[in-house]
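Since the structure comes first, as structure tokens, the remarks are kept for the end.
The first residue of the sequence shown is numbered 1, and numbering continues consecutively from there.
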Amino acid sequence: MRLTILGGGGFRVPLVYGALLGDRGEGRVSHVTLYDEDPGRLAAMTRVLADQAAAAGAAEAPAVTATGDLDEALRGADFVFSAIRVGGLEGRAADERIALAEGVLGQETVGAGGIAYGLRTVPVVREIARRIARTAPEAWVINFTNPAGVVTEAMAEVLGDRVIGICDSPVGLGRRIARLLGARPQDAWIDYVGLNHLGWVRGLRVGGRDELPRLLADDRALESFEEGRLFGAEWLRSLGAIPNEYLHYYYFNRDTVRAYQEAERTRGAFLRDQQRAFYAGTGRADGPPGSALAAWDRTRAEREATYMSENREVAGVGEREESDLESGGYEQVALALMRAIARDERATLILNVRNRGTLAVLDAEAVIEVPCLVDANGAHPVAVDPLPLHAVGLVTSVKAAEREVLAAAASGARADAVKAFALHPLVDSVAVARRLLDGYAKEHPGLGYLR
């Protein structure tokens, strides 16, 4: 089986390859093609993956090839993993800086930053989807490109249900809750619903019994994991649910914006500088065996430890606990998804898929994030209870903003792009929306299509 990774020079590629090295089942991936427009990043990742295979002692490690030709990368692919970053980390840092100058959030996927990222990414992924449909029409596409919900929806316009979005946030949240309640994550049914980076765990059933109320009643347990410390026990009990960590940007928006404004540098700027150093060192071919993987491990550990540090500062919870540093496991979700489809090994996974009537407040084509049953025919969303009104308000307003991103990317109309910013609940003024678009258009050549 052949897997193509778009954004093959990206920093998280070794997570995917590591998962493949551990897969011993029939029909496993035998060949990985890395596609990236940056040859230096491709060279660095090829070295890291070679070190991984050597360290694992895997006699049948998936072969790795690298290319800058998209059609060559796609030809013959059974699965395509999309993890591109249009504008790079330099673009992310600019997204954050421009938004914060206007007093609004510039996070990668949430608020003004997410809209700017979507506006320059959607035209690119629509073209990629067309190339996949033409060159590898039987391939399944697993999308991790952010903002994952709107990008998956854009690709689904071309590829239909053959594109499925994944995210590690719900996986990590569900795992932490299950373990706190003394259950094995694989034995728990997680009642999770929302959009990408905008969802809530409303129940966790073990043996048919909902154990979440037991957690919500226990202050000590709530304060022992990441989301409990971020939101606080009182607010979680008020909601009657455990929100995805990204909802901290909504529930504590003013506090978070202030913390980001006061920070020495934004998250995007930190990652830009960190990865610039990593790729500059790892791209050289003169290092001893294992040095590329060791450099990647060190860089990843620092990256994970500093994740959402400003949010933790707002909540007054200090450094991340060791138990919270574990990867959310998106690479394991991707592997389980590929297994379920390729081998008809049925699985239940939280995924980004078309709504198809699952949430009555959204239309059938809206991409949502919910538990899905996966088999050889793809991912099928499971029926869920209606959202409470507070969640309906956030989900529908954010989806409205996402739809304007899709409209602007299709029409090239400045008015549609302004509307995307202005409708988002974290952008508080039409005048601010106009200034944001002007700032982003000046910074990003990729937004030149807007007129």
Side-chain angles (χ1 to χ4, degrees), residues 4 6-7 35 70-71 73-74 77 79-87 109 114-167 194-198 334 337 341 351-359 361-370 372 374 377-381 395-417 419-421 423-424 446-447 449-451:
T4 293
L6 308 182
Y35 164 78
L70 179 58
D71 285 340
L74 293 174
F79 288 89
V80 176
F81 191 96
S82 176
I84 67 172
R85 180 177 291 280
V86 178
T109 62
I115 293 169
Y117 193 17
L119 285 171
R120 66 176 183 272
T121 302
V122 166
V124 175
V125 298
R126 279 177 169 152
E127 174 57 24
I128 288 173
R130 288 189 285 268
R131 299 277 283 277
I132 293 171
R134 183 172 67 243
T135 308
E138 299 303 312
W140 288 88
V141 179
I142 301 173
N143 178 57
F144 192 69
T145 297
N146 277 324
V150 69
V151 167
T152 302
E153 192 163 325
M155 297 185 83
E157 296 168 354
V158 178
L159 300 171
D161 292 330
R162 293 191 81 85
V163 58
I164 300 167
I166 65 172
C167 182
L195 307 178
N196 180 241
H197 290 179
L198 188 76
L337 180 56
I341 293 173
L351 301 167
N352 287 268
V353 295
R354 292 198 282 186
N355 181 33
R356 301 296 197 207
T358 308
L359 289 178
V361 297
L362 297 175
D363 62 71
E365 304 306 306
V367 166
I368 60 174
E369 192 167 75
V370 289
C372 297
V374 189
N377 296 312
H380 317 283
V395 165
T396 54
S397 60
V398 170
K399 180 56 69 175
E402 290 182 351
R403 284 289 169 77
E404 294 303 327
V405 170
L406 296 173
S411 69
R414 171 184 166 85
D416 290 337
K419 194 175 177 184
F421 285 108
L423 289 181
H424 197 282
L447 295 183
Y449 70 89
L450 294 170
R451 57 190 182 276

Nearest heavy-atom neighbours spanning [X] and [Y]:
X	Y	result
C167	F144	CA-CE1, 4.0 Å
L159	A129	CD2-O, 3.6 Å
F81	I166	CE1-CD1, 3.9 Å
P123	G118	CD-O, 4.4 Å

Nearest 0.5 Å please: distance from the [atom1] atom of [X] over to the [atom2] atom of [Y].
X	Y	atom1	atom2	result
H380	L351	NE2	CG	11.0 Å
T135	R130	OG1	CZ	12.5 Å
R414	L450	CZ	CG	9.0 Å

Side chains of [X] and [Y]: does their closest heavy-atom pair fall under 4.5 Å?
X	Y	result
V158	V163	no
L74	I128	no
L119	F421	yes
W140	L337	no
Y449	L447	yes
V374	I341	yes

Residues in ring pair (Phe, Tyr, Trp, His ring centres under 6.0 Å) contact with Y35, at least two apart in sequence or another chain: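 None.
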
Qualifying residue, where the test is side-chain contact (heavy atoms from CB on, under 4.5 Å) with T109 and the options are V151, L198, V150, N146: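 Only one of V151, L198, V150, N146 forms a side-chain contact (heavy atoms from CB on, under 4.5 Å) with T109, namely N146.
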
Any side-chain donor near an acceptor of the partner, N352 and T152, under 3.5 Å: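 Note: N352 and T152 side chains miss the donor-acceptor criterion.
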
Derivation and outcome, side chain to side chain contact (heavy atoms under 4.5 Å, CB included), residues T145 and L6: CA-CA 9 Å; T145 297; L6 308 182; over 6 Å; no

Residues which pass side chain to side chain donor-acceptor pair (under 3.5 Å) with D161, listed by chain and number, not counting sequence neighbours: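 Per chain and number, D161 pairs via side chain to side chain donor-acceptor pair (under 3.5 Å) with R354, R356.
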
Electrostatic pair E153-K399, nearest N-O below 4.0 angstrom: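 Result for this pair is yes, salt bridge flagged.
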
